[in-house]
Amino acid sequence: MTSNRDLEATWAYHNGTKHSFQSIRSSRHFLDRQNQPLPFKVYPALEPIPLPRLEPSGAPALTALAATDSEPLGECVPGLELLGRFLYYSAGITKRIRSPQGEMSFRAASCTGALYHIDLYLVCGDLPGLEAGVYHFGVHDFALRRLQRGDFREELVRAAAAEPAVAQAPATLACSSTFWRNAWKYQARTYRHCFWDSGTILANLLAVAAGHRLPARMVCGFVDSQVNRLLGLDHQREVALALVPLGRSADGIGQAPAVEPLELETMPLSRSEVDYPGIRTIHEASSLTGEAEVAAWRGPAPPTSLPPPSGRLVALRPASAVDAPQDSIEAVILRRGSSRRFAREPLTLAGLSTILNWAARGIPVDFLEPEGTSLNDLYLIVNAVEGLPSGAYVFHRDRQALELLKQGEFRNEAGDLGLEQALPADASVDVFFLAELRPVLERFGNRGYRVAQIEAGIIGGRLYLAAYALGLGASGLTFYDDEVTDFFSPHAAGKSVMFLVALGHPAKRGSHRAEEKTVS
Ligand SMILES: Cc1cc2nc3c(=O)[nH]c(=O)nc-3n(C[C@H](O)[C@H](O)[C@H](O)COP(=O)(O)O)c2cc1C
């Protein structure tokens, strides 16, 4: 088995899954619609425990986005009702759309290809309304199903090498990806999508938890095999990606029962499945194998800083928490949906500033210490923002300013970089996430690749929410890797692209949103 320190595994995967003009044109892959996988994990033999729906928290969306886990003010032990709310607003079905082909359901968070390969599990002690156990969240019928009875939290605490938030949490959510559900379309590139698509879910989850003043934190350092085993995952097909301890309790965690292998029937996903060994290889190579390795892995991020600005600097002018729109985080999540077409209308500088200011704040995680550190730099193509010359920019988080790298009209280039799609050309602004992987991998090993991607996914998810809080639109996008780095070079030389989000005004017509129905 390749060790987390054998960094060639990451470079082989990353370089091998880059999109280029040539790779797209020479691909022979086609979508076998008859074999499209089910977008749900269903345990047909287990009794559903229906989840209640609740009123929104009312917490303003933007404030919730920027909250950290440091100042819990409210209830610290979530009950079944609160958990239901968290699950609904992070991964539940929020919209159904009818078309001549049938009905399609859409969820609280965006997901590549709407293929929904991420599942959520719950490991908890006794909670109000729920017995201690290991549960799976069934998205299709909004219910939990118990996989194991008993308090198994100690098992997670050991897997996470006594990470303090896990050790004090009455409940921890775990997210997983079933590769095939996404690889059906995206092949080996799915491994990147594991982190993008769990990132958008986690952005919602962290924001909704913050709206309820419930401590929540993301933990990426854990012994993979131990967590997979506890959740009963067939690790060749489905793996745990991140843990989110929720709440805080002073009660100690007792000894966990022995974990027996779970052999629970699940509904077949499709007629047959295709294995992409490259996905399993990079996952194994970025796995942590023991508690000592986890403890050593966790901690400060490598120092990364942008060179001091040498181009023109434009100070951001974000709205304050008081002046910003007050729509609740839940209302914003319900109206979120990727823009299918943008009108070529400008954003205001205040609007763009507010989005960046609220979305790009620190994330409470175990690999970004001190809080506020980031592994990704944000590079922008500005197509239309009032008061800002069109051009390429880099965002200086510490100065809350944009540095102009080159001025010009780059709509055509933006369209080309975003896989030759209209969305990035029509958007007002395209935000690219670039990470200097070398120091990240030096510090975190191959697992640094996972966390750089998931950080981008979370900030990308927050960009969506901040845009929708302001009544704007957004869409995640895929991209031509090296061409993006070249476009922003020499400034971005040596960096790798992790994520892309387009921001703008949704076009009034042509959006599938016209036929949608909100599920309440
Ligand atoms: C990381 C990411 C990349 C995406 N890439 C594209 C893309 O290249 N083109 C596109 O039209 N939509 C893209 N989308 C949008 C998804 O298709 C959309 O999220 C999905 O259909 C679910 O719809 P919803 O976001 O409206 O709920 C992307 C979404 C994400 C999260």
Side-chain angles (χ1 to χ4, degrees), residues 17 19 24 27 31 36 39-40 88-97 99 101 103-118 139 175 177 181-182 184-186 189-204 241 332-342 359 376 414-427 430-433 452-465 467-468 472-481 483-484 497-504 506-507 510-519:
T17 55
H19 280 330
I24 291 293
S27 170
L31 293 184
Q36 179 164 353
F40 302 107
Y88 180 67
Y89 288 106
S90 48
I93 295 175
T94 50
K95 291 177 183 106
R96 295 186 195 276
I97 295 175
S99 74
Q101 288 74 45
E103 191 178 76
M104 167 98 196
S105 57
F106 288 81
R107 304 194 190 176
S110 61
C111 178
T112 49
L115 290 167
Y116 303 117
H117 53 123
I118 306 297
V139 176
C175 62
S177 164
R181 277 166 38 195
N182 192 263
W184 168 75
K185 178 169 183 184
Y186 297 105
R189 203 166 152 101
T190 281
Y191 197 63
R192 302 183 186 208
H193 298 194
C194 291
F195 302 98
W196 299 353
D197 295 330
S198 47
T200 58
I201 289 176
L202 294 172
N204 286 20
L241 303 169
V332 169
I333 289 173
L334 287 182
R335 71 169 181 254
R336 188 213 63 79
S338 301
S339 303
R340 268 41 186 187
R341 200 155 66 84
F342 287 118
N376 281 275
D416 286 348
L417 295 176
L419 225 71
E420 301 169 75
Q421 300 182 77
L423 276 167
D426 292 337
D430 296 298
V431 184
F432 296 82
F433 295 68
Q453 296 280 12
I454 206 165
E455 184 206 54
I458 292 176
I459 302 175
R462 284 177 169 181
L463 284 177
Y464 260 103
L465 296 176
Y468 280 83
L472 298 167
S475 182
L477 289 169
T478 196
F479 45 81
Y480 287 121
D481 292 78
E483 285 74 4
V484 173
V497 193
M498 299 285 109
F499 204 89
L500 164 58
V501 180
L503 304 169
S511 154
H512 78 196
R513 295 289 158 214
E515 311 148 51
E516 78 191 14
K517 172 169 156 290
T518 299
V519 178

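Indexing begins at 1, ligand by ligand and atom by atom, following the structure's order. Quick note: numbers below take in every heavy atom, side chains included, and nothing from hydrogens, waters or symmetry partners.
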Q | Proximity of Tyr116 to ligand 1 by residue part, where a heavy atom lies under 4.0 Å | A | side chain
Q. Should the proximity of Gln421 to ligand 1, defined as any heavy atom under 4.0 Å, be assigned to the side chain, the backbone, both, or neither?
A. side chain
Q.
Only heavy atoms of Phe499, strictly under 4.0 Å: list the atoms of ligand 1 that pass.
A. 1 (C)
Q) By number and element, which atoms of ligand 1 are closer than 4.0 Å to a non-hydrogen atom of Leu423? A) 11 (O)
Q: Give the numbers and elements of all ligand 1 atoms closer than 4.0 Å to a heavy atom of Arg336.
A: 24 (P), 25 (O), 27 (O)
Q) Which part of Ala109 is near ligand 1, with near meaning a heavy atom under 4.0 Å away: side chain, backbone, both or neither? A) neither
Q.
Judged on heavy-atom distance to atom 29 (C) of ligand 1, which of Gly476, Gly418, Ala502 sits nearest?
A. Gly476
Q: Indicate the ring-plane relationship of Phe479 and Trp196, choosing parallel, tilted or perpendicular according to the 30° and 60° boundaries.
A: tilted
Q) Looking only at N/O atoms, are Thr200 and ligand 1 under 3.5 Å apart anywhere? A) no
Q) Can a non-hydrogen atom of Leu419 be found less than 4.0 Å from any atom of ligand 1? A) no
Q: For Trp196, take its heavy atoms, then give the atoms of ligand 1 lying under 4.0 Å from any of them.
A: 1 (C)
Q) Does any N or O in the side chain of Arg336 come within less than 3.5 Å of the main-chain N or O of Tyr468, such that one atom is a donor and the other an acceptor? A) no
Q) Mind checking whether Cys111 and His117 have side chains closer than 4.5 Å, heavy atoms only? A) yes
Q. Can you find a heavy atom in the side chain of Ile93 that is under 4.5 Å from one in the side chain of Val139?
A. yes
Q) Given Ala114, Ser110, Pro424, Cys111, which one has a non-hydrogen atom that is nearest to atom 16 (C) of ligand 1? A) Cys111
**Q.** Check: Ser338 N/O within less than 3.5 Å of ligand 1 N/O
**A.** yes
(Q) Checking side-chain polar atoms at under 3.5 Å, does Ser177 have a donor or acceptor matched by the opposite partner on Tyr191? (A) no
(Q) Is it the case that the side chain of Asn376 and the backbone of Met498 share a donor-acceptor pair, with hydrogens and angles ignored and the cut-off at 3.5 Å? (A) no
Q.
Check this for me - ligand 1, Arg340, N or O atoms closer than 3.5 angstrom, yes or no?
A. yes
Q) Which atoms of ligand 1 have any heavy atom of Gly337 under 4.0 Å away? A) 26 (O)
Q.
For a 4.5 angstrom cut-off between non-hydrogen side-chain atoms, does Arg192 reach Thr17?
A. yes
Q | Side-chain donor-acceptor contact under 3.5 Å, Arg189 with Thr478 | A | yes
Q | Non-hydrogen side-chain atoms of Tyr116 and Asp197 separated by less than 4.5 Å | A | no
